[in-house]
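Note: hydrogens, waters and symmetry copies are ignored here, and every other heavy atom, side chains too, is used.
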Amino acid sequence: MKLTADEIRQLLKSRDPAVRMRAIRLCDRLVEPERTQLLCLAIKDKSSYFAADAALRLVSAAEPFAAEPVHERFQYLMADGLKRDPGCYIRAHLAVILGNMRYLEAVPTLRDGLRVVQIENFMDTAGPLRGNCAMALASIPFGDPVVDLTFLLFYEGNTPYEHSFFDQSSKISAVKALVRLGQVQSSIAIFAKLCDGREFDTALLADCMAALIELKHPRAIDILAGFLTSANINIAASAAVYLVTAMQEEYLPAILALVPGLSGDLLKGLLIALYNSRSPRAAEAVTRLQETGSDEVREILADLNKGHV
């Protein structure tokens, strides 16, 4: 039997958790605007798990009028996040909704979201929240979001305690948000992070390299080439892969000089880039490596020839 919006509304008020969960799922069977109206009520459920589920359903589709109640709920949860939104799941979903709707009034609140560090069981659960706030700010047309995203790119928490548990994933989201903006200032922020001698997250630095190329910064190639001699072999290998992908043949000797010092996934990643390059000099280099390379090099290239990699 199909329930009406009013009947589902009553189920949402039940004290029985199973009934409320069923009611939230039944919302998806309604047409708009009833579906959005009821889910806006459900994000206030006393169970943070149920509220997060309702917020996730709003992410997939929500009518424009949802922006105001979603923003209000986000602000309410921010007032005492540890108690009202353990795990930061609700706010993480609500931030996506605000970004999708380009809700200008939410900018100050989303900025506050960039600064949330929520330690639970010796783990920072706010990484996805900060990251979603960054992506939302990059989606809303206002002033200068590069300033806010640069802040997140370098943020480590407010205290040594927060720093020790800080979830670095939000920094990667900051890079993605800067790329989404596609502004010249974005390249400056990303270059600054690449030059940050205190940053040892190789995945983040590799993403910064990829971002400079994607943003088509005029000096991207020169900047990446400078990392070929990095003492951090992971960083050097990442730079080599992006330079090969960009078909920069002038750096090929320095790139090939890295091969003997690489192994495992780092070696495989560089060899795959060389193998798939359309550069004639790279093809010649691969042929030489098949003849003179180490056992591991020749094994990887043999698998590539067979299509096993």
Side-chain angles (χ1 to χ4, degrees), residues 74 78 81 88 91-92 95-96 98-99 102 106-119 123-227 230 232 234-239 241-242:
F74 193 105
M78 285 288 290
C88 301
R91 283 170 292 169
V96 175
L98 294 170
R102 300 187 175 187
V107 167
T109 311
L110 292 168
R111 282 174 172 158
D112 290 339
L114 295 179
R115 291 162 169 77
V116 175
V117 180
Q118 191 160 301
I119 309 300
M123 180 183 299
D124 172 23
T125 61
L129 168 60
R130 293 191 300 271
N132 288 354
C133 286
M135 297 303 289
L137 287 168
S139 302
I140 300 174
F142 74 95
D144 187 10
V146 173
V147 172
D148 301 299
L149 300 178
T150 302
F151 164 82
L152 180 58
L153 187 57
F154 286 86
Y155 188 45
E156 295 283 354
N158 296 310
T159 66
Y161 178 74
E162 289 182 351
H163 175 75
S164 63
F165 298 107
F166 192 82
D167 180 356
Q168 299 288 334
S169 66
S170 57
K171 293 186 177 183
I172 292 176
S173 297
V175 173
K176 293 178 180 177
L178 286 164
V179 171
R180 174 179 287 186
L181 286 176
Q183 299 179 7
V184 174
Q185 295 92 329
S186 295
S187 297
I188 296 173
I190 291 168
F191 173 65
K193 173 49 67 175
L194 278 172
C195 296
D196 183 2
R198 300 166 301 172
E199 184 59 68
F200 299 102
D201 187 330
T202 55
L204 172 62
L205 294 174
D207 279 357
C208 287
M209 293 179 186
L212 283 182
I213 292 177
E214 189 171 347
L215 288 167
K216 295 181 172 58
H217 190 280
R219 292 182 54 201
I221 299 303
D222 290 339
I223 291 170
L224 265 60
F227 287 95
S230 171
N232 186 327
N234 293 275
I235 299 301
S238 294
V241 168
Y242 289 119

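Contact check for Tyr155 versus Val117: side-chain heavy atoms found under the 4.5 Å cut-off. Within the 4.5 Å cutoff, the side chain of Leu114 has heavy atoms near those of the Leu137 side chain. At a threshold of 4.5 Å between non-hydrogen side-chain atoms, the residues Met123 and Phe165 do not count as touching. Between Met209 and Leu194, the closest side-chain pair of non-hydrogen atoms falls below 4.5 Å. With contacts defined as side-chain heavy-atom distances shorter than 4.5 Å, the pair Ile213/Leu224 qualifies. Looking at Ile140 and Pro145, their side chains never come closer than 4.5 Å, going by heavy atoms from C-beta outward.
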### Task
Carefully, step by step, assess Asn232 and Leu205 under the rule side-chain contact (heavy atoms from CB on, under 4.5 Å).
CA-CA 11 Å; Asn232 186 327; Leu205 294 174; 5.8 Å; no
### Message
Between Val116 and Arg91, is the side-chain contact (heavy atoms from CB on, under 4.5 Å) condition met? List the steps.
### Response
CA-CA 11 Å; Val116 175; Arg91 283 170 292 169; 4.2 Å; yes
### Task
For side-chain contact (heavy atoms from CB on, under 4.5 Å), just list the numbers for Ser238 and Thr202, CA-CA rounded to whole Å, side-chain angles, deciding distance to a tenth of an Å, and then say yes or no.
CA-CA 8 Å; Ser238 294; Thr202 55; 5.8 Å; no
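For Asp112, the salt bridge (charged side-chain N to carboxylate O under 4.0 Å, His left out) criterion is met by no residue, not counting sequence neighbours. Taking the side chain to side chain donor-acceptor pair (under 3.5 Å) definition, one finds that Tyr242 meets it with nothing, sequence neighbours left out. Remark: Lys176 pairs with no residue by the salt bridge (charged side-chain N to carboxylate O under 4.0 Å, His left out) rule, at least two apart or across chains.
Applying the salt bridge (charged side-chain N to carboxylate O under 4.0 Å, His left out) definition to pairs two or more places apart or across chains, none involves residues 201-215. Pairs of residues two or more places apart, or lying in two chains, that qualify as side chain to side chain donor-acceptor pair (under 3.5 Å) and include a residue from residues 133-153 are Arg111-Asp148, Ser139-Arg180. For residues 154-168, the salt bridge (charged side-chain N to carboxylate O under 4.0 Å, His left out) pairs, not counting sequence neighbours, are Glu156-Lys171.
Put simply, CD1 on Ile190 and CG on Leu149 are 9.5 Å apart, with the number rounded to the nearest 0.5 Å. Here Gln168 contributes atom CD and Leu204 contributes atom CG; the two are 7.5 Å apart, rounded to the nearest 0.5 Å. For the atom pair CZ (Arg130) and CZ (Phe151), the distance works out to 9.5 Å, reported to the nearest 0.5 Å. In this structure, SG on Cys208 lies 11.0 Å from CD1 on Ile223, to the nearest 0.5 angstrom. Taken to the nearest 0.5 Å, the OG atom of Ser170 stands 13.0 Å off from the CE atom of Met135. Here CZ of Phe227 is found 13.5 Å from CG of Asn234. Values are rounded to the nearest 0.5 Å.
The shortest heavy-atom contact between Leu129 and Ala92 is CD1-N, 3.8 Å. Looking at every heavy atom in both residues, Leu212 comes nearest to Ser187 through CD2-O, 3.8 Å. Annotation for Gly113 and Cys133: closest pair CA-SG, 3.7 Å, computed over non-hydrogen atoms. Residues Ser230 and Ala236 approach most closely at O-CB, 4.2 Å, considering heavy atoms. Closest heavy-atom contact between Gly182 and Leu215: CA-CD2, 3.6 Å. Nearest heavy-atom pair, Ala134 versus Ala177, reported as atom, atom and distance to 0.1 Å: O-CB, 3.6 Å.
A side-chain donor-acceptor contact under 3.5 Å links Asp124 to the backbone of Gln118.
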